[in-house]
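So the structure is just underneath, and the comments pick up after that.
This chain uses plain numbering: 1 for the first residue, then up along the sequence.
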Amino acid sequence: MVSYSALVNKQREFYLSGATLDLAGRKKRIETFKKLLVENKKAIDDAIFADIRRVRFFSCLFPSYACYIPFTGESTDSWRPTLLQHPTVMSDVDMTLGEIELTLKNMDEWVKPKKFVTPKDAQYDPASDELHLVPEPLGVVLIISPWNAPLICSSALIQAFAAGNTVILKPSELDPTFAPLFANIAPKYFDEKEFAVVEGGIPETTELLKERFDHILYTGCPPVAKIIMTAAAKHLTPVTLELGGKNPVFVDESADLSLLAKGIVGAKIFNAGQACICTDYILCTPAMKPKVISTLKAAFDALGDMSKVPANARIINDRHFKRLMGLLKDTKGKVVYKAGGETDEKDRFIPFHLLEVDSADDILLQEEIFGPILPVMIVPSFDAALNHIKSFIRPGCRNEKPLAAYIFTENKEQTKRFVRETSSGGVTVNGSCAHTGGGLPFGGVGNSGMGRLMGKYAFDMFTHEKPICVRNSLKADFAY
């Protein structure tokens, strides 16, 4: 088995030499990564498409880049999904390039030391004492990315560079096209002392985790996260975990059902529902159940044969295909709707399935579905929905705090209570997945993860803010 000691030591020596501190050097590494993406854009986007058959845009997760919109009309029955021909339709590379531009635009400000007002008390003398907070890089960072968004979930390396770190990236072995492509491209642009891509599966990752890192970022599932935390604990290495969970949706009787259709179609078509923030199950009152079902039927019927919809991805591999088919076989729930197209094991295609379940003990409510299946369960009231969601996050429960939670309502008081009385990584009201953009941080809580990504939040994650006290009127300058 290969040892990664030499690679990690090489990066650590580079970091310890002080070469990563220079602000111009940090920007150069980010510009080099930008060049890598621009010059290999088609190959990277094609590789992601080859692995999961995801159409080359990431925009259906974000309302500002919405892939589907309702037609105008008084009746929600007139809603039909339409692919937008819009200049903001983006590929995974485009999304990552946007993250680069954001970082380059703001990093001069991010890296500035903060000077504090020196208090006048028994300990300090404002005339001769200065207090500072100086951001310093952590050192060698390991990023382990998932198969469902291999480039997007690796993009935190941009902020790791901005913070002055070196990076080792381990892409998922379940991306058999993207992983070797990226591993082959990276050495053409970077010396491995700055940035390296390591391929392999469980054995290679196990060996990699034996090394000492200064921060580990992992995106994936809780069982593997526990293995990574255990390995990190041996070196007291801090970790950021971006995981998942059973993301609930409550549909109130005041809800605009066209927004529900838009949100569910977008969430379940993107990656065929294989996304950590995907809508996982619906709760609604008896009065709303037929309306929810008819609305989603109309929305998906408008797509026709889903196997022919360009935006609809495929299940990542045979194992996950069989897992999802096993859920459909073992559930006690009733299939109330199946979208167009026939299940095809060879093509790893499963059309959207909507099911009614009667019990929280049903298998569809016991584990994260991560696919194009959506159970609906009746609850007598909004309060009952809150109690159900909160019951899922009690200690020892198999399903704990989710990464996302969703509510469709026009009731402001319900919205306030939903946000206050449920715990999750984030909430979108009257939509799906929209809380993951707009400059907001992204991250989980409890079983759905720890730490925050995106922009300045990711920069701070890869930084130690070091408190400094300078005495005797030295007037030191700590700017990079």
CZ (R471) with more than 12 external heavy atoms under 6.0 Å
yes
Indicate yes or no for a side-chain donor-acceptor contact from N447 to the backbone of E400 under 3.5 Å, with no hydrogens or angles considered.
no
I need the minimum non-hydrogen distance between T166 and T20, along with the two atoms involved.
CG2-CG2, 4.0 Å
Quick one: does T428's side chain have a donor or acceptor within less than 3.5 Å of a partner on A434's backbone?
yes
Is the shortest side-chain N to carboxylate O distance from R12 to D214 below 4.0 Å?
yes
So W110 and F462, ring pair (Phe, Tyr, Trp, His ring centres under 6.0 Å) or not? Walk me through it.
CA-CA 12 Å; W110 295 349; F462 293 124; over 10 Å; no
Any side-chain donor-acceptor pair under 3.5 Å between N40 and Y189?
yes
Heavy atoms of other groups near M325 CE, more than 12 under 6.0 Å:
yes
Residue of the set N312, I269, I48 for which side-chain contact (heavy atoms from CB on, under 4.5 Å) holds with R54:
I48
Separation between NE2 (H235) and NZ (K210), nearest 0.5 Å, reads 10.5 Å
Kindly say whether P135 contributes a backbone atom to a donor-acceptor pair with the side chain of K466 at under 3.5 angstrom?
no
When you measure from the side chain of S128 to the backbone N and O of N472, does any donor-acceptor pair fall under 3.5 Å?
no
Spacing of F270 atom CZ and C278 atom SG [to the nearest 0.5 Å]:
9.5 Å
Rounded to the nearest 0.5 Å, the CG atom of L217 sits from the CD1 atom of I144 at a distance of 8.5 Å
Is a donor on one side and an acceptor on the other found under 3.5 Å between the side chain of Q274 and the backbone of I316?
yes
How far apart are the C-alpha atoms of E109 and K112, what are their side-chain angles, what is the distance that settles it, and do they pass the salt bridge (Lys or Arg N to Asp or Glu O under 4.0 Å) test?
CA-CA 5 Å; E109 190 65 29; K112 282 183 180 179; 3.2 Å; yes
Check: D175 side chain, F178 main-chain N or O, donor-acceptor pair, under 3.5 Å:
no
Between K27 and D108, is there a salt bridge with N-O shorter than 4.0 Å?
yes
Consider side-chain contact (heavy atoms from CB on, under 4.5 Å). Of I143, L209, V141, T240, which one does I216 pass it with?
L209
Are more than 12 heavy atoms, taken from residues, nucleotides or ligands other than R212, located less than 6.0 Å from that residue's CZ atom?
no
What I want to find out is whether D347 reaches R53 closely enough, with some N-O distance under 4.0 Å, to be called a salt bridge.
yes
Taking every heavy atom of H435 against every heavy atom of V427, the minimum-distance pair comes out as CB-O, 3.4 Å
Indicate, with yes or no, if the rings of F190 and F161 have centres closer together than 6.0 Å.
yes
At what distance, to the nearest 0.5 angstrom, does CD1 of I277 lie from OG1 of T436?
4.0 Å
So, the side chain of R314 versus the backbone of F349: is there a donor-acceptor pair under 3.5 Å, distance only?
no
Backbone N/O of E368 and side chain of D280: donor-acceptor pair under 3.5 Å:
no
Between D129 (side chain only) and Y124 (backbone N and O only), is there a donor and an acceptor less than 3.5 Å apart?
no
Between atom CG of L7 and atom CD of E192, what is the distance when rounded to the nearest 0.5 Å?
5.0 Å
CZ of F33 to CG of L157: how many Å apart, nearest 0.5 Å?
4.5 Å
Under a 4.0 Å threshold between the charged nitrogen and the carboxylate oxygen, would K115 count as salt-bridged to E130?
yes
For the residue pair D94 / S91, report whether a side-chain donor-acceptor contact shorter than 3.5 Å exists.
yes
